[in-house]
Amino acid sequence: MTQDKSASERMEKIVSLCKRRGFIMQSSEIYGGLNGCWDYGPLGTELKRNLKDFWWRRMVRERDDIVGMDGSILMNRQVWVASGHEATFSDPMVDCRSCKSRLRADQLSEKDGKLHCPVCGSFDLTEARAFNLMFKTYVGATEDESAITYLRPETAQAIFVQFKNVLEVSRKKVPFGIAQIGKAFRNEINPRNFTFRSREFEQMELEYFCRPEDGVELLEYWLKERLKFYEDVGISSDLLHVHKIPPEERAHYSQGTYDIEFHFAFGVQELEGVAYRTDYDLSQHQKASGKSLEYFDEETGQHFVPHVVEPSAGVDRTVLALICAGFCEETITDQKGKAETRTVLKFHPRMAPIKCGIFPLLKNNERLVGPAREIVESLRPHMMVFYDESGAIGRRYRRQDEVGTPFGVTVDFDTIGENGPSNQGTVTIRERDSMKQVRVPIGELKSFLVDRIN
Ligand code: GAP
């Protein structure tokens with residue numbers, strides 16, 4: 001089997017698992033879907049929430065120098081004029097005259113030395129023209145020029161235009177940052193690779209404001225911090241790649257940009273950009289709005305427009321990376337010597353949608369079911385748990401393996417003292433990856449699990 005074929009088969013299995021187990025589904029599926037839009041099911045929603053909560057914890061709650069904000073999706077059109085998005089936020093587009101497909105000119109490949117349509121193979125393509133990626137809309141009841149604005153294509157601009165307000169209320173001193181998580185929208189010409197390139201997606205962005213002389217060093221600092229973050233959510237460093245963008249490919253205002261890339265089955269692709277954007281954004285808004293966005297440095301007595309380093313990550317892309325990194329098929333042998341394939345999502349426990357499955361060994365035995373249900377209630381305030389009493393215990397473990405639940409707790413006859421007093425009041429905890437089991441007193445269960453999922 002070629003590398004490409006096995007990679008695409010792996011991706012197909014991942015997409016199918018995502019739908020079958022309620023991680024990610026096509027948006028508006030019963031009407032044929034909407035290209036580039038996705039819905040997260042119960043487990044996908046938990047996974048996404050765990051990721052966003054951990055990012056927030058790392059970036060805001062555990063630090064003294066970063067505060068949060070939550071800006072509106074619709075903003076005054078002038079924001080997008082000043083930021084340069086209205087004039088230049090575009091991709092080059094070509095049309096295929098034969099099959100009418102719209103294609104991104106920079107993603108076409110050559111056949112016999114000429115660009116061709118990947119859909120029908122024709123060479124009959126139009127000249128490339130710029131296609132603005134922002135979704136245009138009208139605010140209010142009149143659909144005229146004065147009512148035009150856009151769905152935000154990035155969350156960052158709300159941070160820049162609120163810089164002064166947030167600085168005043170938070171009373172921070174440079175260097176300090178403003179963090180935000182929220183939806184962004186881009187009318188991508190070619191949404192593809194499952195959720196990787198979507199038209200509606202979420203970003204986790206930090207704008208870290210600093211003195212001009214500290215920008216270069218802080219770029220390196222934030223690259224390291226962000227790489228550590230990925231390790232801490234269970235994406236090992238050998239699945240990541242740092243691409244230093246050469247000066248000729250960087251935005252004109254950037255003094256340094258790194259892309260943090262992930263080895264997806266469909267290629268090595270960007271998860272996050274870490275960019276030193278100088279004072280470009282604040283200066284643009286200062287000029288366009290006529291309002292000072294300068295910072296007064298009490299230490300030096302200077303007024304200046306702060307520079308900014310921006311780590312900007314995609315929520316959906318990171319969720320996809322977590323699923324791809326965790327997906328694993330293993331051959332195991334059961335007690336009767338029969339080989340079977342075990343599908344496991346090896347999520348880091350802090351990312352796993354369900355932290356613990358709880359199983360009474362037998363369904364119709366109230367002496368087992370009662371304590372199992374009590375355990376569910378005692379753990380529920382602290383973590384997402386799942387109670388399952390149907391089917392053989394091995395199958396219940398497999399069902400949880402497939403959705404990445406790191407721990408399974410079984411209430412058995414030892415728990416209720418039927419096999420003597422030595423294990424009474426204890427349960428077995430099975431660990432997903434090693435499949436090893438340990439006995440733990442029910443009273444210690446919560447702290448055992450809490451220690452491992454945080
Ligand atoms: N404020 C800077 C900014 O928006 P970007 O590189 O255009 O930079 C940052 O976007 C991140 O947002 C990307 O690294 C990616 O994770 C995510 N992202 C961008 N476009 C996306 C799309 N169409 N679908 C899913 N995620 C996307």
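Heavy-atom basis, side chains included; hydrogens, waters and symmetry copies ignored. Remember, it's 1-based here, ligands and their atoms both numbered in the order they're listed.
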Closest protein heavy atom (residue, atom, distance) for [atom]:
{"atom": "atom 25 (C) of ligand 1", "value": "Phe196 O, 3.1 Å"}
{"atom": "atom 12 (O) of ligand 1", "value": "Gln203 NE2, 3.2 Å"}
{"atom": "atom 18 (N) of ligand 1", "value": "Phe201 CE1, 3.5 Å"}
{"atom": "atom 14 (O) of ligand 1", "value": "Glu270 OE2, 2.6 Å"}

Output the list of atoms in ligand 1 that are nearer than 4.0 Å to some heavy atom of Leu271, sorted by atom number.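 By the 4.0 Å cutoff, the relevant atoms are 14 (O), 15 (C), 16 (O).
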
Of Phe209, Tyr253, Tyr280, Tyr276, which is the lone residue that meets ring-ring contact (aromatic ring centres under 6.0 Å, His included) with His307?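 Only one of Phe209, Tyr253, Tyr280, Tyr276 forms a ring-ring contact (aromatic ring centres under 6.0 Å, His included) with His307, namely Tyr276.
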
Under 3.5 Å side-chain donor-acceptor pair for Asp144 and Tyr138: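 On atom types as modelled, these side chains do not qualify, holding no pair under 3.5 Å.
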
Side chain or backbone of [X] under 4.0 Å from ligand 1, or both, or neither, by non-hydrogen atoms?
{"X": "Arg199", "value": "neither"}
{"X": "Ser312", "value": "both"}
{"X": "Glu272", "value": "backbone"}

Short N or O distance, Glu310 and ligand 1, threshold 3.5 Å exclusive: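 Glu310 vs ligand 1: N/O contact under 3.5 Å present.
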
Among Arg186, Glu154, Gln157, which one puts a heavy atom closest to atom 7 (O) of ligand 1?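 Closest candidate by heavy-atom distance is Arg186.
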
Is the NZ or CZ atom of Arg430 positioned over Tyr397's six-membered ring, under 6.0 angstrom from the centre and within 45° of the axis?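 Judged by the rule, Arg430 and Tyr397 form a cation-pi pair.
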
Check this for me, if you would: do Glu200 and Lys183 make a salt bridge, where the nitrogen-to-carboxylate-oxygen distance has to be below 4.0 angstrom?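 Salt bridge flag = yes for Lys183 with Glu200.
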
